[in-house]
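Shown next, in structure tokens, is the structure this report addresses.
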Amino acid sequence: DTGVSQDPRHKITKRGQNVTFRCDPISEHNRLYWYRQTLGQGPEFLTYFQNEAQLEKSRLLSDRFSAERPKGSFSTLEIQRTEQGDSAMYLCASSLVGGEETQYFGPGTRLLVL
Amino acid sequence: AQSVSQHNHHVILSEAASLELGCNYSYGGTVNLFWYVQYPGQHLQLLLKYFSGDPLVKGIKGFEAEFIKSKFSFNLRKPSVQWSDTAEYFCAVGSNSGYALNFGKGTSLLVTP
């Protein structure tokens, strides 16, 4: 059973650059979530998709952040004009609608903005 | 505002000691409750979950948690910890009105031989 995968696992960039992360959910999972985790904190919700529709966005998701899930399968999270405060672990999770719906997490992409 | 509190940020135990990690939440309405664990160098994994029914739920690796509605609590327990239980533990709460999980700040557990 293939879990949630994320790419890249690590990204170092300079302030002002754009970065894009990819998440591949568990096959047939129709909900996909993005979270951000900083040191000493638990994951914080950013946004989620049901199939290709983005249904909820957190106030944490500034205008510089955009997420897509064009075909209802993989998703991308782009950060434009990165700032040092964007340095964090970006986590993706997926779930299957219905019943005791449970989110399964990927390994994360660790972003460092210099 | 909805919130999740984990009272113990760092816990150090000797092997075979008993473990209880506290989790309290402030939510109105029906909640779904989770404990996730993150072992060193690994990703978040589900330890156990509660949706309804028996408030005492059992998870993997001998862990259990009890939902006490009147206390808004979902404490995690294990009668005898092992060195391999060294990890970060996160309590998370979801509500039936939304799908995002709200996490506590986590508890770092170190089990010494």
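In the text below, chain A, chain B and the rest are named by the order of the sequence lines, each starting its count at 1.
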With a 4.5 Å cut-off on side-chain heavy-atom distances among I, L, V, M, F, W and Y, is there a chain of contacts connecting [X] to [Y]?
X: Phe65(A); Y: Leu111(A); result: yes
X: Tyr104(A); Y: Phe21(A); result: no
X: Phe63(B); Y: Leu13(B); result: yes
X: Met89(A); Y: Leu32(A); result: no
X: Tyr50(B); Y: Val37(B); result: yes

Heavy-atom side-chain proximity of [X] to [Y] below 4.5 angstrom:
X: Phe103(B); Y: Tyr35(A); value: yes
X: Phe45(A); Y: Asn102(B); value: no
X: Gln103(A); Y: Phe34(B); value: no

task = Could you have a look at Glu44(A), Glu101(A), Gln50(A) and say which one has the most heavy-atom pairs with chain B under 4.5 angstrom?
result = Glu101(A)
message = Counting only non-hydrogen atoms closer than 4.5 Å, does Leu101(B) touch chain A with its backbone (N, CA, C, O), its side chain (CB onward), both, or neither?
response = both
Heavy-atom proximity to chain A below 4.5 Å, by part of Gln38(B) = side chain
Residues, nucleotides or ligands: over 12 heavy atoms within 6.0 Å of [X] [atom1]:
X: Asp54(B); atom1: CG; answer: yes
X: Leu56(B); atom1: CG; answer: yes
X: Glu100(A); atom1: CD; answer: yes

query = Side chain, backbone, both or neither: which part of Gln37(A) has a heavy atom under 4.5 Å from chain B?
reply = side chain
ask   = Side chain, backbone, both or neither: which part of Leu91(A) has a heavy atom under 4.5 Å from chain B?
value = side chain
inquiry  = To the nearest 0.5 Å, what is the distance between SG on Cys92(A) and NE2 on His43(B)?
reply    = 11.5 Å
query = Can you name the nearest heavy-atom pair linking Thr102(A) to Tyr36(B), along with the distance?
reply = CG2-OH, 4.2 Å
ask   = If only atom types and distance count, is the side chain of Gln42(B) paired as donor or acceptor with the main-chain N or O of Pro107(A) below 3.5 Å?
value = no
